[in-house]
Protein chains: 2
Amino acid sequence: MPAAEVVKSVARVLEVLELFAQRREPLTGMEVCRTLGYPKSSANAILKSLVTLGYLSLNPENLRYFPSLRVTYLGDWVPDLLLGTVETDEMLEELHRLTGETVTLSMRNEFHMQFIRVLPGSFPISLRVSEGFMAPLFGTAVGAAYLSTLSDADIRGLYERAQKRGALEGQEQNLDAVLADVAAARMDGCARGYERILPDTGAVTAPLKAGAHDQHLVVGVGGLSARIRRSEGKIVRHLKRVIRQHLENSRHAA
Amino acid sequence: MPAAEVVKSVARVLEVLELFAQRREPLTGMEVCRTLGYPKSSANAILKSLVTLGYLSLNPENLRYFPSLRVTYLGDWVPDLLLGTVETDEMLEELHRLTGETVTLSMRNEFHMQFIRVLPGSFPISLRVSEGFMAPLFGTAVGAAYLSTLSDADIRGLYERAQKRGALEGQEQNLDAVLADVAAARMDGCARGYERILPDTGAVTAPLKAGAHDQHLVVGVGGLSARIRRSEGKIVRHLKRVIRQHLENSRHAA
DNA sequence: GGGCAGGGTTCATATATGTGAAATTATATT
DNA sequence: AATATAATTTCACATATATGAACCCTGCCC
């Protein structure tokens with residue numbers, strides 16, 4: 001099994017739990033089966049395993065499954081460590097209200113920026129990107145915002161490691177361009193990117209230091225390139241003010 | 001693969017996430033490997049899959065993994081639906097303070113009562129039961145408390161279905177004894193059980209109606225039989241008062 | 001610079017899982 | 001009570017995964 005390939009049952013466990021998180025109601029085995037496109041006996045094997053392990057409960061009267069609180073306990077501790085007292089949901093909602101654009105929160109994951117929260121834009125033409133999406137670390141606005149928190153030496157080291165691992169294949173950006181983006185981001189704390197990996201798309205992003213680790217998150221506002229360019233100044237001001245405000249709020253809460 | 005057997009990778013996904021929930025710090029692949037006793041390439045395959053799917057992040061500088069917020073989102077919605085505004089943690093902590101015994105919260109899962117929260121007792125001799133433990137639905141105090149919320153006809157139906165499914169094998173209790181326990185529980189809202197499936201162990205339990213579904217949870221206080229018998233009256237009073245109080249609090253919060 | 005320790009990767013093979021067709025079971029309707 | 005429909009289970013076989021030995025990589029220490 002080559003790198004980045006995924007063990008089938010691993011993916012399925014998470015797909016099943018994601019389905020319940022999306023639907024938020026008890027589901028029959030057949031509903032899970034049809035929705036996720038699994039063969040019946042495969043769906044059953046996964047569901048039975050999750051029940052046996054206590055992650056799903058089964059009501060035998062109506063044959064409906066539902067997650068148990070053990071699913072909650074797997075991850076309820078993560079926000080405290082990753083975010084500390086920063087209320088990221090409120091921050092993103094405020095940015096969304098102020099800009100109307102797609103607002104995102106991402107974190108570094110190996111040589112990617114992983115979108116962990118996405119609030120879709122209100123405009124008819126809006127950036128559509130899903131939670132879980134992995135953008136490249138090098139050559140994107142979210143990546144530049146993240147990298148602006150590191151020294152040039154650390155960025156070079158990261159870039160070399162990524163090259164060695166073959167993680168940059170298919171991505172046509174060189175280190176000098178990356179460092180130029182980062183230098184621009186350091187000037188006022190915000191990174192900009194237009195027409196990068198997503199066509200017609202622009203984004204303004206800024207790092208957010210949160211939580212118990214020295215890893216940074218990145219807040220982004222993205223949408224149609226022309227519209228983002230027009231509003232860039234306003235978006236930058238909103239981004240900086242909202243981040244500063246919420247960091248102050250989280251200091252008071254800590 | 002017979003019923004109740006578990007797909008290996010399914011179990012491993014959850015074991016890995018449980019390990020992170022327990023340790024609450026970044027871990028290397030080898031630490032996961034050693035702690036969980038997996039072969040190195042198997043551990044790697046699971047971890048790489050979780051990174052690819054966005055559930056773990058990997059810091060390539062120190063080769064340490066950590067859960068992402070996607071783990072949180074899988075289950076952060078469950079308490080609202082399952083518990084509503086009942087603050088179960090506070091309730092259990094109060095009971096724990098008042099009694100010093102092992103305090104548990106359980107939910108029905110198929111033909112079991114699954115322990116979803118356990119606060120271990122403060123006495124040197126205390127009931128030791130782990131979260132995730134599946135107690136039988138029939139013939140236990142937690143089961144009797146749960147069943148007391150159903151009609152006798154529904155209990156009979158459930159019992160028959162359990163028999164048909166072979167879910168009662170290894171458990172020597174008949175329906176009449178179960179119904180007697182349930183009748184006793186209905187008298188004052190609390191079930192008692194001594195020397196049932198766990199030796200030297202007694203428990204007092206009560207149902208807790210919470211959340212958006214008509215499924216009940218069960219709160220229990222358990223420990224050394226003799227000590228639970230001695231304090232039964234007090235435990236019953238504490239249980240009823242604390243549950244009533246928290247239900248009132250949750251009504252005000254709703 | 002070399003050696004060592006700790007970590008990860010590769011690969012051939014054994015074992016487990018996934019699949020789909022068929023059979024069985026359960027429920028609802030007539 | 002019979003029938004139809006929907007759901008679950010079984011099973012033989014195809015495919016995927018797990019394993020452990022061997023190898024490779026990286027960083028640290030002498």
Side-chain angles (χ1 to χ4, degrees), chain A residues 1-16 26-53 56 58-65 110-111 153-154 156-167, chain B residues 1-16 26-53 56-66 110-111 153-154 156-167:
Chain A
M1 184 186 68
E5 218 162 281
V6 162
V7 174
K8 202 164 192 175
S9 304
V10 173
R12 281 181 168 169
V13 168
L14 300 163
E15 282 168 4
V16 166
L27 299 173
T28 65
M30 286 304 293
E31 282 171 326
V32 171
C33 186
R34 282 194 294 265
T35 308
L36 296 177
Y38 298 168
K40 291 193 284 183
S41 39
S42 307
N44 219 46
I46 303 286
L47 291 170
K48 290 311 183 198
S49 296
L50 287 167
V51 168
T52 302
L53 295 167
L56 289 182
L58 174 59
N59 180 350
E61 277 97 302
N62 58 16
L63 296 179
R64 287 176 178 269
Y65 295 87
E110 218 175 354
F111 304 110
D154 284 345
R156 283 196 180 87
L158 205 54
Y159 191 88
E160 277 161 25
R161 267 195 293 279
Q163 267 187 323
K164 274 176 180 166
R165 300 302 295 274
Chain B
M1 185 189 66
E5 220 163 278
V6 161
V7 174
K8 202 164 192 173
S9 305
V10 172
R12 282 182 167 168
V13 167
L14 300 162
E15 283 167 3
V16 166
L27 300 172
T28 65
M30 288 303 294
E31 282 171 323
V32 171
C33 187
R34 282 192 294 267
T35 308
L36 296 178
Y38 297 168
K40 288 195 282 180
S41 39
S42 306
N44 220 46
I46 303 286
L47 292 169
K48 291 309 182 198
S49 296
L50 288 167
V51 167
T52 301
L53 295 168
L56 290 183
S57 64
L58 174 60
N59 180 351
E61 278 95 302
N62 57 15
L63 296 180
R64 288 178 176 269
Y65 295 86
F66 197 74
E110 218 176 356
F111 304 110
D154 285 345
R156 281 197 181 90
L158 205 55
Y159 190 89
E160 277 161 25
R161 268 197 292 280
Q163 266 186 327
K164 276 176 177 171
R165 301 303 296 271

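So you know, we letter chains A, B, ... as the sequences are listed, proteins then strands, and number each from 1.
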[X] [atom1] to [N] [atom2]: how many Å, rounded?
X	N	atom1	atom2	result
A:Asn44	C:dG20	CG	C1'	14 Å
A:Glu5	D:dA18	CD	P	13 Å
B:Arg64	C:dG6	CZ	C1'	12 Å
B:Leu47	D:dA18	CG	P	12 Å
A:Leu63	C:dA26	CG	P	10 Å
A:Lys164	D:dC24	NZ	P	17 Å
B:Tyr65	C:dG7	OH	P	12 Å
B:Asn62	D:dC28	CG	P	12 Å

Mind listing the residues from residues 30-40 of chain A sitting with a heavy atom below 4.0 Å of DNA chain C? Number order is fine.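 By residue number: A:Pro39.
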Answer yes or no: is there a side-chain heavy-atom contact under 4.5 Å between A:Val51 and A:Leu47?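 A side-chain contact is absent here, since even the closest heavy-atom pair is not under 4.5 Å.
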Is there a side-chain contact between B:Leu58 and B:Lys48 (heavy atoms, below 4.5 Å)?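 Result yes, sub-4.5 Å side-chain heavy-atom pair found.
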N/O donor to acceptor pairs below 3.5 angstrom from side-chain atoms of residues 34-42 of chain A, sequence neighbours left out:
from	atom 1	to	atom 2	distance (Å)
A:Thr35	OG1	A:Glu31	O	2.6
A:Tyr38	OH	A:Glu15	OE1	2.5

Phosphate-side-chain proximity, [X] and [N], N/O vs OP1/OP2 below 4.0 Å:
X	N	answer
B:Ser41	C:dG8	no
B:Ser42	D:dT19	yes
A:Lys8	D:dT15	no
B:Arg12	D:dT19	yes

Distance, nearest 0.5 Å, that separates CG of B:Leu27 from CG of B:Asn62: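 The CG atom of B:Leu27 sits 11.0 Å away from the CG atom of B:Asn62.
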OG/B:Ser57 to CG/B:Leu50 distance, rounded to the nearest 0.5 angstrom?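 B:Ser57 atom OG to B:Leu50 atom CG measures 11.0 Å (nearest 0.5 Å).
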For B:Val7 and A:Ser9, which heavy atoms make the closest approach, and how far apart are they?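 So the two residues come closest at CG1-OG, 3.8 Å.
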For A:Thr28, report the nucleic acid contact type (base, sugar-phosphate, nothing); a contact means any heavy atom under 4.0 Å.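 Nothing, no nucleic acid heavy atom in range.
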Can you name the residues that form a side-chain hydrogen bond (donor to acceptor under 3.5 Å, both in side chains) with A:Glu61, not counting sequence neighbours?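 For A:Glu61 the side-chain hydrogen bond (donor to acceptor under 3.5 Å, both in side chains) partners, ignoring immediate neighbours, are B:Arg108.
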For A:Gly29 and for A:Arg161, find the nucleotide of DNA chain D with the closest heavy atom, then tell me which residue's nucleotide is more 5'.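 This one resolves to A:Gly29.
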